[in-house]
There are 2 protein chains.
Amino acid sequence: MSLRYALLALLTAEPLTGYDAAKRFGGSVGHVWHAPDSQIYPELRRMEKEGLIEGEQVRWGPKSTKTRYSITDSGVLAFREWMDSPLDYAPVRDAAHMRAAYFEWADPDSARDCLRRHIDHYADQIACWTVVRAAIVDATNATIAVRLRKYPAEEHERIVAFKAFAYDGLIARGEVEIEWARKGLELLDKVSPEKY
Amino acid sequence: MSLRYALLALLTAEPLTGYDAAKRFGGSVGHVWHAPDSQIYPELRRMEKEGLIEGEQVRWGPKSTKTRYSITDSGVLAFREWMDSPLDYAPVRDAAHMRAAYFEWADPDSARDCLRRHIDHYADQIACWTVVRAAIVDATNATIAVRLRKYPAEEHERIVAFKAFAYDGLIARGEVEIEWARKGLELLDKVSPEKY
DNA sequence: CTGAACTATCTATCTACATAGGTAGTTGGT
DNA sequence: ACCAACTACCTATGTAGATAGATAGTTCAG
């Protein structure tokens with residue numbers, strides 16, 4: 001269901017085609033909610049049927065059109081309602097921690113590999129989040145720039161602060177993941193020293 | 001696919017019925033990988049068909065039986081192979097952070113609620129993980145006690161250390177989640193002070 | 001000896017998501 | 001004029017997982 005609200009969130013900033021939306025899921029919202037285009041197009045159609053968004057045909061080149069979706073009042077309402085409703089937490093499914101719990105079954109070098117990849121993975125993510133966060137804070141990020149145009153200047157700081165806050169959470173979490181994996185590498189060095 | 005390996009992990013300690021396994025998913029592995037029994041029973045049947053585990057009928061009461069599954073050599077091999085293979089990271093889907101990024105659309109009190117629930121949620125989890133971690137370290141935890149019986153005493157510390165390490169990761173992550181939510185509450189107090 | 005709680009399963013339906021394609025028009029550079 | 005890269009969709013199939021049941025035997029306490 002969250003995909004729907006991720007789409008509504010995007011559409012509160014500006015009207016988008018399915019393709020545009022899909023691209024956003026490679027950045028911006030994509031950092032907190034991933035979705036492939038094969039999920040996005042049908043969901044947009046469903047949302048239109050339910051009146052949350054409205055599609056309009058716009059010219060695209062000499063002999064083609066594309067569908068641009070805008071959020072409706074009913075969509076805004078639905079989004080607001082979701083924003084004000086309690087979240088439910090998905091049950092834990094964490095392959096990395098599960099694997100770590102059974103490291104006695106892994107080759108120590110594979111275990112080390114696993115932790116190094118964990119570090120690399122989160123280091124990459126943090127690098128990405130940090131760049132995007134910076135671009136949001138100084139409004140060089142195109143998406144946020146468009147969004148802010150809908151608000152009076154005195155609200156901008158607040159809105160930017162929320163986005164930055166979200167990214168801070170992702171970054172902080174990434175950092176503990178890295179720290180955890182580092183401790184794991186230390187543990188492995190202690191209990192199963194690397195051959196040299 | 002990870003459900004399969006979670007089940008194999010369980011079965012490396014001792015043979016289990018589907019029901020036993022399902023119960024384990026309410027604790028032990030369940031802390032890192034959740035699954036409902038309606039997923040477990042069919043998966044066990046599939047695994048038996050593929051020769052990873054073996055079911056044997058055991059008497060249960062005067063006129064009934066139950067199926068107890070044991071891991072086979074092929075199952076142990078498959079588990080080892082998985083343990084030595086690189087993990088792939090699931091794309092991010094994080095409703096809490098997504099919501100935080102759009103807090104300008106929420107009523108400030110709802111936003112506060114959301115963050116307070118976030119804190120409560122992880123506080124509960126941490127409390128649980130801490131208890132289990134302690135029980136593993138001092139071997140009062142039944143599951144780990146059974147598992148350790150299969151190993152010589154000098155390996156016990158290592159095995160326990162891995163489990164403790166996994167729980168440490170969960171706890172550390174829970175703690176940053178709480179810290180993050182606290183900062184969010186501070187931010188809300190700054191940008192949209194509570195009415196009194 | 002009865003009822004409640006627990007054990008041991010199984011099913012059926014639904015949605016979300018992953019994966020992997022396909023078609024057809026557009027834009028921009030050489 | 002052509003080709004590559006991009007835009008704008010759409011489909012189909014498969015699996016994972018959520019949800020909500022049903023059935024039937026067992027154990028144990030009052």
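Every chain is numbered from 1, with letters handed out A, B, ... down the list of sequences. Below, all heavy atoms of this structure are taken into account, side chains as well, without hydrogens, waters or symmetry copies.
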Give A:Pro42 one of three labels, base, sugar-phosphate or nothing, depending on what nucleic acid heavy atoms sit under 4.0 Å from its own. nothing

Tell me which of B:Arg46 and B:Ser38 sits closer to the 5' end of DNA chain D, going by the nucleotide each one is nearest to. B:Arg46

For a quick check of understanding: with a heavy-atom distance under 4.0 Å over all strands, which category does B:Pro91 fall into, base, sugar-phosphate or nothing? sugar-phosphate

Quiz item: B:Ser64 side-chain donor-acceptor pair to C:dT7 base, under 3.5 Å: no

Below 4.0 angstrom, N of the basic side chain to O of the carboxylate: do A:Arg182 and A:Glu179 qualify? no

Nearest-angstrom distance from the residue atom CZ of B:Arg93 to P of D:dA18: 13 Å

Output the single nucleotide from D:dC9, D:dT19, C:dT26 whose closest atom is nearest the side chain of A:Trp60. C:dT26

Is there a donor and acceptor pair closer than 3.5 Å between the side chain of B:Thr17 and the base of C:dT7? no

Is A:Asp107 paired with B:Arg80 through a side-chain N to carboxylate O contact shorter than 4.0 Å? no

Where each residue is assigned the nucleotide of DNA chain C containing its nearest heavy atom, which of A:Trp33 and B:Asp20 is assigned the position nearer the 5′ end? B:Asp20

Among C:dT27, D:dT7, D:dA16, which is the nearest nucleotide to the side chain of B:Met1? D:dA16

Measure OH/A:Tyr69 against P/D:dA8 and give the value in whole Å, please. 13 Å

Could you work out which one of C:dA8, D:dG17, D:dC9 sits closest to the side chain of B:Leu3? D:dG17

Salt-bridge present (A:Glu155, A:Lys150; N to O < 4.0 Å): no

Out of D:dA16, C:dT27, C:dA8, which nucleotide sits closest to the side chain of B:Gln39? D:dA16

Flag, side chain of B:Glu48 to backbone of B:Gly55, donor-acceptor distance under 3.5 Å: yes

Base, sugar-phosphate alone, or nothing: which one does A:Arg45 contact when heavy atoms must sit under 4.0 Å apart? sugar-phosphate

Examine C:dT7: is either OP1 or OP2 under 4.0 Å from a nitrogen or oxygen in the side chain of B:Tyr19? Give yes or no. yes

Electrostatic pair B:Glu104:A:Lys163 at N-O distance under 4.0 angstrom: yes

